[in-house]
Amino acid sequence: MTPLEEKLARRIAATGPITVADYMAACLGDPEHGYYLTRDPLGRGGDFVTAPEISQMFGELIGAFAVATWMMMGSPSPFVLAELGPGRGTLMADLLRTGRVRPSFLDGARVHLVETSPVLRRAQEQTLTATGVPIAWHDRFEAVPAGPTIVVANEFFDALPIRQFVRSGDGWAERMVGIDEGGRLAFGLRPLGGPTGAAEPAIAGSPSSSLPLADGAVVEVSPAATAIAGTIAERVVRHGGAALIVDYGYQGPALGDTLQAAKAHRFADPLLTPGEADLTAHVDFAALAGAGRKAGAFVRPLISQGDFLIRLGLAERAEALASGKDDAGRASIAADVERLAGREAMGDLFKVFAFSHPALALPVFDADA
Ligand code: SAH
């Protein structure tokens, strides 16, 4: 048993089974044993690799997007450049390097990083001090000061806790984490109270007609994700700006059980090594879009990461980087392009989602921008 499993087993024995959301939050964010609080999970020696860690081109193209967006906003100075879950700071470093093409962009940028992990905060500080751009850290987006804002988030929303509801018979049950006879963590179901179907609207906040009714069907919701998307949307509606969110996920409302654990670049059992494996769920982009619209933001349709990067000039950037390199160098850049944009790799699985102030046109998403 991991130390966190022992801690959770004691908690469950004392107060009963916990929701999948509470379990996820503990696995990732427990102050003593939480996955993100105790390690740097990114890269070769870690558990998974993200797009910014694959190639500098990812952050550079997002930098090009950010600079173009800032100009569409009327080049406000100062402005808030916020990133949620910045990992090692690689994306922000590549973005800021690209920002040098517009010195006034860099002069105006106040970088605000939303990060809960002390280990990753240190990594971000190391990566970013050389940029000379002032940087502040926050635990939550709410603490980021108001003002015209550009938000970027790569593989952040998939780390936010989800609740899972399972159709059983006429009603719904919530999937819970309890302990079995052997004292190990095990999934179970807690029926939702009330008469037949009474709790349905409370589940997804979506019309019950869009919910699957087959026995065993799973619906996931992430109150944390919709709350953060809503807060960002309020911010950009009020003060101007836009948000760019990159992650793997679906258009909703339901795609079954997407809770997954990753350890040493392989899938793992989500209950087996709590605190020592990464735990994620697919992002429900329709729910984020709903939260954005509710706040009055202009929500764009989802596009694939591959399309997004290609429209921003991935091929041209790769060509420029490859010039002057030997065969091995060129082959490695070509392989990075394939990993980032290829349909078999991240290109299709990962989606790019954006919303903005209602009067702001966005590069890539709006034809005339
Ligand atoms: N964006 C980076 C890292 C992705 S990993 C990249 O693409 O490489 C997820 C990141 O989100 C980590 O930095 C992690 O510490 C952070 N994170 C996870 N849950 C968080 C939460 N609830 N609040 C703030 N940051 C969180």
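Fair warning: this is a prediction, and the values are worked out from it, not measured in the lab. Whatever order the structure lists them in is the order used to number ligands and atoms, beginning at 1.
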[atom]: the protein heavy-atom neighbour that sits closest, reported with distance to 0.1 Å:
atom: atom 5 (S) of ligand 1; answer: Tyr36 OH, 3.5 Å
atom: atom 19 (N) of ligand 1; answer: Ala159 CB, 4.1 Å
atom: atom 22 (N) of ligand 1; answer: Leu160 CD2, 3.8 Å
atom: atom 4 (C) of ligand 1; answer: Glu155 O, 3.5 Å

Taking only heavy atoms of [X], which atoms of ligand 1 are found under 4.0 Å from at least one of them?
X: Pro52; result: 6 (C), 7 (O), 8 (O)
X: Gly87; result: 2 (C), 3 (C), 13 (O)
X: Phe156; result: 11 (O), 20 (C), 21 (C), 23 (N), 24 (C), 25 (N), 26 (C)
X: Thr116; result: 20 (C), 21 (C), 23 (N), 24 (C), 25 (N), 26 (C)
X: Ser117; result: 15 (O)

Main chain of [Y], side chain of [X]: is a donor-acceptor contact present, judged purely on distance under 3.5 Å?
X: Thr127; Y: Arg88; result: yes
X: Arg235; Y: Pro145; result: yes
X: Glu174; Y: Thr19; result: no
X: Glu220; Y: Thr258; result: yes
X: Thr2; Y: Pro274; result: yes

Could you grab the distance from atom CG of Leu309 to atom CD1 of Ile62, nearest 0.5 Å is fine?
7.0 Å
To the nearest 0.5 Å, what is the distance between CZ on Arg317 and CE on Met57?
8.5 Å
Hey, would you say the Phe105 and Trp70 ring centroids sit under 6.0 Å apart?
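Yes; Trp70 has its ring centre under 6.0 Å from that of Phe105.
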Taking the six-membered ring for Trp and the full ring for Phe, Tyr or His, determine whether the centres of Phe157 and Phe353 are under 6.0 Å apart.
no
[X] N/O to ligand 1 N/O under 3.5 Å:
X: Glu115; value: yes
X: Thr50; value: yes
X: Leu42; value: no
X: Leu120; value: no
X: Asn154; value: yes

In a check of side-chain contact (heavy atoms from CB on, under 4.5 Å) between Asp22 and each of Met176, Arg163, Arg11, which one passes?
Arg11
Can you find a non-hydrogen atom of Leu28 under 4.0 Å from ligand 1?
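So Leu28 does not count as touching ligand 1.
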For atom 11 (O) of ligand 1, tell me which residue out of Gly46, Gly59, Gly85, Pro41 has the closest non-hydrogen atom.
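Among Gly46, Gly59, Gly85, Pro41, the closest heavy atom to atom 11 (O) of ligand 1 comes from Gly85.
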